[in-house]
> 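Starting off with a structure, shown below.
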Amino acid sequence: MATNIPPHKLTEIIDATITLVNNPNAQLAEVLKFVQGPDFPTAGIINGRAGIFEAYRTGRGRFMMRAKAAIETFNKDRQAIIVTEIPYQVNKARLVERIAQLVNDKDIEDISDIRDESDRDGMRIVVELKRGAEPQIVLNKLFKHTQMEESFSMILLAVVHGQPRELGLIPTIKYFIDHRVDVVRRRTAYLLSKARDREHILEGYLTALDHLDNVIAIIRGSTNRADAREHLVMYFGGKKIDINTTGRAPKLDPEKPFTGKQADAILELQLHRLTKLSIDEIANELKQVRENIAEYESILASEKKLRGVIIRELEEIKKLYGDARRTRIEDEAAEILLEDLIADEQVAVTVSHSGYLKRTPISTYRMQRRGGTGRSGMKTRDEDFVEHLFIASTHAYILIFTNKGRVYWLKVYEIPDVSAAGRGKHIGSLVALQPGETVRTMVAVRNLEEEGKYVFFATRNGLVKKSELREFMHVRSSGINAIGIEQGDELVAARITDGQQILFLASHEGMAVRFDESHVRPMGRNAYGVWGIDLEKGDYVVGMATTPKPGAPPEKPAAKAEASESGEPEVIEVGKKGTLILSVTENGYGKRTPADEYRLTNRGGKGVINVKTTERNGKVVGIAQVEEESQVMLISQYGKIIRMDSKTIRESGRNAQGVRLLNIEPGDRVAAAVVIPPDEEPNGGNGGTLIQ
């Protein structure tokens, strides 16, 4: 068994002890008015009181210690994190070394310099940040990966009557009070005994001084010290001795006979003590000793007076050694969440083929008519190109699904905010992808615990699967399996559904199948799924869309607003024209086709023609559902982006080739597209449908 009792502020513990001395029946709430919590010599901050209260109640609790850090601005546009206090038992040199290691390993890339400026005036660790770095995010990473944030497990273990016990705060203080009562009682009894011994000696002095001439005659007439001692005892005891003395021997109180101790004290008495001044000093000392004896006897006779001694001594200690509190204790509710520091806004998240990730406000991209040349959306190297694009709120979770069927999650605000032409940061520095993994699709969602929500998967070889969204509540930094993937297959798409959708799968060669989601039962994360479409040799799935069932009633405005707040892609309502499927081909062509033109079949069928693919328009690269008010963004492998109203795209039948949406340069091809729901633009919820 181990004990781990942190240091506390002396004055707080003394005040609590005095309260329990005066009122042994005081409750914990009354005692905690004085005791706020531990107080460490290295100061710092304690986050949350729940663990402290639990320890004071039961004897065991856990709380978090944090370094005291501030953000300062220097050189106008540069910022630095200044650490002036660190958690208890943390070595400063090792802390600085750990931060430097994180920078060298590129776990934290926004730090430009770190130095220790501590001196005799106090601690000062300076962490300089790069231009454009978000200091609160860097500080959050330092708390997460270094000893700037440490946990402390408080165990109030004590040996009580020979037995180890975990004690709450009140029992601990009460046992201490009992110990002090025992100590004060024993000490007082000891002081009383010593005072009585001293009184006995002083009485012997005064007795001898009253008969000084006879005492001197006895000492001079004795042959040695032992003889003199015996003669003095006999003389003051009223017995006859063979030494001539003047006058009668004194009559002493029978209850206080003259003893050998008094005789020894007289024999050791120095001659200067025979002066008038010394005799007065002896008399005064005897008076003081008798007063002390009376005080000691009254303390031992009164429990109240004995406890008063304890209180008086505690007050004296408080006055001598009390100081100000060093460690600040913050309520958990008062802690600043990182989301509070990030504006809740719509951003376009882009991922290049090489894995570079960034976010950019969608207001950056101005409206153009269809057929325009677009604008540069991401600077890429010659061998790189933009592969993914979708819209999400900065406060949403991003579920990152890879080609191997694993899932990672990331907050959108953790993605670097880069200009429209910027390259961003490699996704490998944000999530721990395994060797050979590439990002296939991402889903934005705010509430991972919502019931009745599913993640629907589609693979390249035509397998489909759905799992409850709650299956992905506890994603580790190293990721977890989202779907079992067979050798030679890979994940293509994942969508959030409510279990009541119509699934639409499209293939590269222009085929499509449409079936009810109820045909696929919910499965666990490690399941492989069932057949969704029967593909011809060489064909593969390029995209998936979810559409409402035919005749489904439109959502109420309140329900639609709630869906927007959830951070998930909204289901397009069935309007007069019904749901439209937007298909985009690699040469920049596209068309909108009513979903009703695709007949409902069972899953696993070969499907019907979706797009008539030719050398002119190219193969299909992606599909999504749209409505009249939707806006569409297309991006090419060379980084060209165009944004347009979906109503400007011609509505065509299944066998049509589509119209030109983006002028493609020689060697370039469409890589991805996204549909922006009308009521989420520019600052609404968190939707957007990825077209891959």
Side-chain angles (χ1 to χ4, degrees), residues 353 383 385-388 401-405 436-441 456-465 483-495 503-515 519-520 528-546 581-591 593 595 597-624 634-637 652-658 661-662 664 666-673 690-692:
H353 181 72
E383 68 276 9
F385 58 89
V386 174
E387 189 169 345
H388 300 280
F401 297 93
T402 69
N403 60 326
K404 293 186 177 181
E437 276 190 320
T438 58
V439 176
R440 283 303 184 198
T441 187
F456 202 97
F457 301 93
T459 72
R460 179 184 176 93
N461 290 347
L463 290 174
V464 294
K465 188 192 87 166
I483 178 176
I485 298 293
E486 297 179 346
Q487 187 174 2
D489 196 4
E490 61 183 13
L491 183 67
V492 171
R495 296 287 182 272
L503 277 303
F504 186 93
L505 297 179
S507 76
H508 185 61
E509 295 293 339
M511 300 299 291
V513 65
R514 187 165 170 256
F515 59 89
H519 294 172
V520 181
Y528 287 81
V530 295
W531 287 112
I533 183 173
D534 185 8
L535 299 170
E536 296 292 338
K537 185 177 181 180
D539 197 5
Y540 57 88
V541 173
V542 295
M544 175 179 67
T546 58
I581 299 296
L582 171 67
S583 301
V584 180
T585 62
E586 57 189 0
N587 289 342
Y589 285 78
K591 66 166 185 171
T593 304
E597 290 199 14
Y598 304 89
R599 70 177 186 273
L600 280 174
T601 64
N602 291 325
R603 63 170 180 82
K606 291 184 177 293
V608 297
I609 295 176
N610 175 34
V611 177
K612 186 176 181 181
T613 58
T614 63
E615 184 177 350
R616 171 175 169 267
N617 62 350
K619 305 294 185 182
V620 179
V621 295
I623 54 93
L634 271 69
I635 189 166
S636 74
Q637 291 182 351
S652 308
R654 290 190 296 105
N655 290 319
Q657 297 183 19
L661 306 181
L662 177 65
I664 297 295
D668 195 7
R669 63 189 291 268
V670 173
L690 176 65
I691 305 177
Q692 306 184 101

> For E490, enumerate each residue passing the side chain to side chain donor-acceptor pair (under 3.5 Å) test, keeping only those at least two apart in sequence or located in another chain.
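E490 satisfies side chain to side chain donor-acceptor pair (under 3.5 Å) with R440 once adjacent residues are dropped.
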
> Which atom pair, heavy atoms only, marks the closest approach of V584 to V670?
CG1-CG1, 4.0 Å

> Using only atom types and a distance under 3.5 Å, with no angle test, would you say the side chain of N587 pairs donor to acceptor with the backbone of E615?
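Checked: pair present.
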
> Determine whether V464 and L503 make a side-chain contact, defined as any pair of heavy atoms from C-beta on separated by less than 4.5 Å.
no

> Taking only residues two or more places apart in sequence, or in another chain, which ones meet Q657 in a side chain to side chain contact (heavy atoms under 4.5 Å, CB included)?
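Side chain to side chain contact (heavy atoms under 4.5 Å, CB included) check on Q657 returns K612, T614, R616, N617.
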
> Can you name the closest pair of heavy atoms from G658 and Y589 and give their distance?
O-CD2, 3.7 Å

> Is the backbone of S652 close enough, under 3.5 Å, to the side chain of T593 for a donor and an acceptor to pair up by distance?
yes

> Can you list the steps and then say if V492 with M544 is a side-chain contact (heavy atoms from CB on, under 4.5 Å)?
CA-CA 8 Å; V492 171; M544 175 179 67; over 6 Å; no

> With a 4.0 Å cut-off on N to O distance, would you call D534 and K606 a salt bridge?
yes

> Please list, chain by chain and in numerical order, all residues satisfying side chain to side chain contact (heavy atoms under 4.5 Å, CB included) with E586, sequence neighbours excluded.
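For E586, the residues satisfying side chain to side chain contact (heavy atoms under 4.5 Å, CB included) (neighbours in sequence not counted) are H508, K619, V621, R669.
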
> Can you name the side chain to side chain contact (heavy atoms under 4.5 Å, CB included) partners of V608, sequence neighbours left out?
Y598, R599, R654

> List for me each residue that meets side chain to side chain contact (heavy atoms under 4.5 Å, CB included) alongside V513, sequence neighbours excluded, and say none if there are none.
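V513 satisfies side chain to side chain contact (heavy atoms under 4.5 Å, CB included) with L505, F515, I533, T601 only.
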
> Is the shortest side-chain heavy-atom distance between V542 and I623 below 4.5 Å?
no

> Just jot down the side chain to side chain donor-acceptor pair (under 3.5 Å) partners of D539, sequence neighbours excluded, or say none.
S507

> Looking at every heavy atom in both R460 and L535, which two are closest together, and how far apart are they?
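Looking at all heavy atoms of both residues, the shortest contact is O-CD1, 3.6 Å.
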
> Could you grab the distance from atom OH of Y528 to atom CD1 of I483, nearest 0.5 Å is fine?
10.0 Å

> Rounded to the nearest 0.5 Å, what separates atom CG in L491 from atom CG in N403?
8.0 Å

> Please report the shortest heavy-atom distance between A545 and A624, naming the atom on each side.
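For A545 and A624, the tightest heavy-atom pair comes out as CB-CA, 4.2 Å.
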
> Roughly how far apart are R514 CZ and N610 CG, rounded to 0.5 Å?
12.0 Å

> Counting C-beta onward and ignoring hydrogens, is there a side-chain heavy-atom pair between K591 and V611 closer than 4.5 Å?
yes

> Could you pull out the closest heavy-atom pair between D668 and S636, with the gap in Å?
OD2-OG, 2.8 Å

> If I compare all heavy atoms of V520 with all of K465, which pair ends up nearest, and what's the gap?
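So the two residues come closest at CG1-CA, 4.2 Å.
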
> Any chance you could measure I581, atom CD1, to E597, atom CD, to the nearest 0.5 Å?
11.0 Å

> Any non-hydrogen side-chain atom of L463 less than 4.5 Å from a side-chain atom of W531?
yes

